[in-house]
Amino acid sequence: MNTTTPFKNKVIKVVSKIPYGCVASYGQVALYCGAPRAAREVGWTLNRMENVDEVPWWRVVNNTGRITIKGSSFSADMQRILLRAEGLIISEDFTFNIEEYRWKPGTDVMQF
DNA sequence: GTTGTGACGCCCA
DNA sequence: CTGGGCGCCACAA
């Protein structure tokens with residue numbers, strides 16, 4: 001690992017556990033990281049994350065079922081393509097039924 | 001120690 | 001429905 005921050009480490013861990021074809025909201029990820037209200041931190045952390053190949057950041061969206069990426073190395077359009085590639089149906093407005101794809105964590109995740 | 005910021009979340013007009 | 005605004009937390013400078 002690199003510049004270790006406990007929170008960042010958990011973000012990586014949680015996000016990387018999101019199964020194929022599912023998504024989780026920033027609030028969810030933050031919740032599983034032990035910071036229920038640090039949803040903004042999740043996005044901020046992912047933005048400056050280097051090992052993107054280990055973290056399916058595109059499976060993380062806001063709780064409204066909408067992709068709201070703001071300037072990062074990747075665009076919202078990129079994320080939409082990636083999610084579509086996993087079988088999700090996403091509108092041209094970058095919106096979709098998050099409840100239909102919402103990741104429901106199991107006991108294997110709550111081992112922090 | 002203080003300040004600014006951010007890929008959010010939620011309430012209100 | 002849309003838009004505007006506040007709060008929240010963790011982290012970099």
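Every chain is numbered from 1, with letters handed out A, B, ... down the list of sequences. Note that the structure is predicted; figures quoted are calculated from it, not measured.
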Trainee: Nearest whole angstrom, please: distance from the C1' of B:dT5 to the CZ of A:F7.
Mentor: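 Spelled out: CZ on A:F7 to C1' on B:dT5 is 15 Å.
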Trainee: Please give, in whole Å, the distance from B:dA7 C1' to A:F94 CZ?
Mentor: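 Rounded to the whole Å, the gap is 14 Å.
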Trainee: Counting side-chain heavy atoms from C-beta on, which of C:dC9, B:dC10, B:dA7 comes nearest to A:T68?
Mentor: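 The closest nucleotide is B:dA7.
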Trainee: From the list C:dA12, C:dC9, B:dG6, which nucleotide is the closest neighbour of the side chain of A:T5?
Mentor: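 Of the candidates, C:dA12 comes closest.
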Trainee: For the pair made of CZ in A:R48 and P in B:dT5, what is the distance, rounded to whole Å?
Mentor: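 After rounding, the gap between these two atoms is 15 Å.
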Trainee: Could you state the CD-P distance from A:E41 to B:dA7, rounded to the nearest angstrom?
Mentor: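 Between P of B:dA7 and CD of A:E41: 11 Å.
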Trainee: I'd like to know whether CZ of A:R37 has more than 12 heavy-atom contacts from other residues, nucleotides or ligands below 6.0 angstrom.
Mentor: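 No, CZ of A:R37 has 12 or fewer neighbouring heavy atoms, counting only those of other groups under 6.0 Å.
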Trainee: The side chain of A:A38 is closest to which nucleotide in this list: B:dC8, C:dA10, B:dA7?
Mentor: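 The closest nucleotide is C:dA10.
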Trainee: Is the distance from OP1 or OP2 of C:dC11 to the nearest side-chain N or O of A:T45 less than 4.0 Å?
Mentor: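 For C:dC11, neither OP1 nor OP2 has a side-chain N or O of A:T45 closer than 4.0 Å.
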Trainee: Give the rounded distance in Å between these two atoms: CG of A:N47 and C1' of B:dG6.
Mentor: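 Answer to the nearest Å: 8 Å.
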Trainee: Taking the minimum atom-to-atom distance to the side chain of A:L46, which one of B:dA7, C:dC11, C:dC9 wins?
Mentor: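 Nearest to the side chain of A:L46 among the choices is B:dA7.
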Trainee: In whole angstrom, what separates A:I69's CD1 from B:dG6's P?
Mentor: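 Between P of B:dG6 and CD1 of A:I69: 15 Å.
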Trainee: Report the distance from atom CZ of A:R37 to atom P of C:dG7, rounded to the nearest whole Å.
Mentor: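 Whole-Å distance recorded here is 14 Å.
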Trainee: Is the shortest side-chain heavy-atom distance between A:R80 and A:E92 below 4.5 Å?
Mentor: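 Yes, close enough: below the 4.5 Å cut-off.
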Trainee: Check every strand shown and say whether A:Y26 touches a base, only sugar-phosphate, or nothing at a heavy-atom separation below 4.0 Å.
Mentor: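 The residue A:Y26 makes base contact.
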Trainee: Counting heavy atoms from C-beta on, name the nucleotide in B:dG6, B:dG9, C:dA10 closest to the side chain of A:K70.
Mentor: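 My answer, after comparing the listed nucleotides, is B:dG6.
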Trainee: Contact between A:L88 and A:V23 at the side-chain level, heavy atoms closer than 4.5 Å - yes or no?
Mentor: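 They are in side-chain contact.
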Trainee: Hey, which of A:I69, A:N47, A:I12 is the one that makes side-chain contact (heavy atoms from CB on, under 4.5 Å) with A:W57?
Mentor: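 Among the candidates, only A:I69 passes.
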Trainee: Counting N and O atoms only, with roles assigned by atom type, does the side chain of A:S91 sit under 3.5 Å from a partner on the main chain of A:F94, one being a donor and the other an acceptor?
Mentor: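 A pair under 3.5 Å: no.
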Trainee: Can you tell me the distance, in whole Å, between the CZ atom of A:R40 and the C1' atom of B:dC10?
Mentor: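 Nearest whole value for this atom pair: 12 Å.
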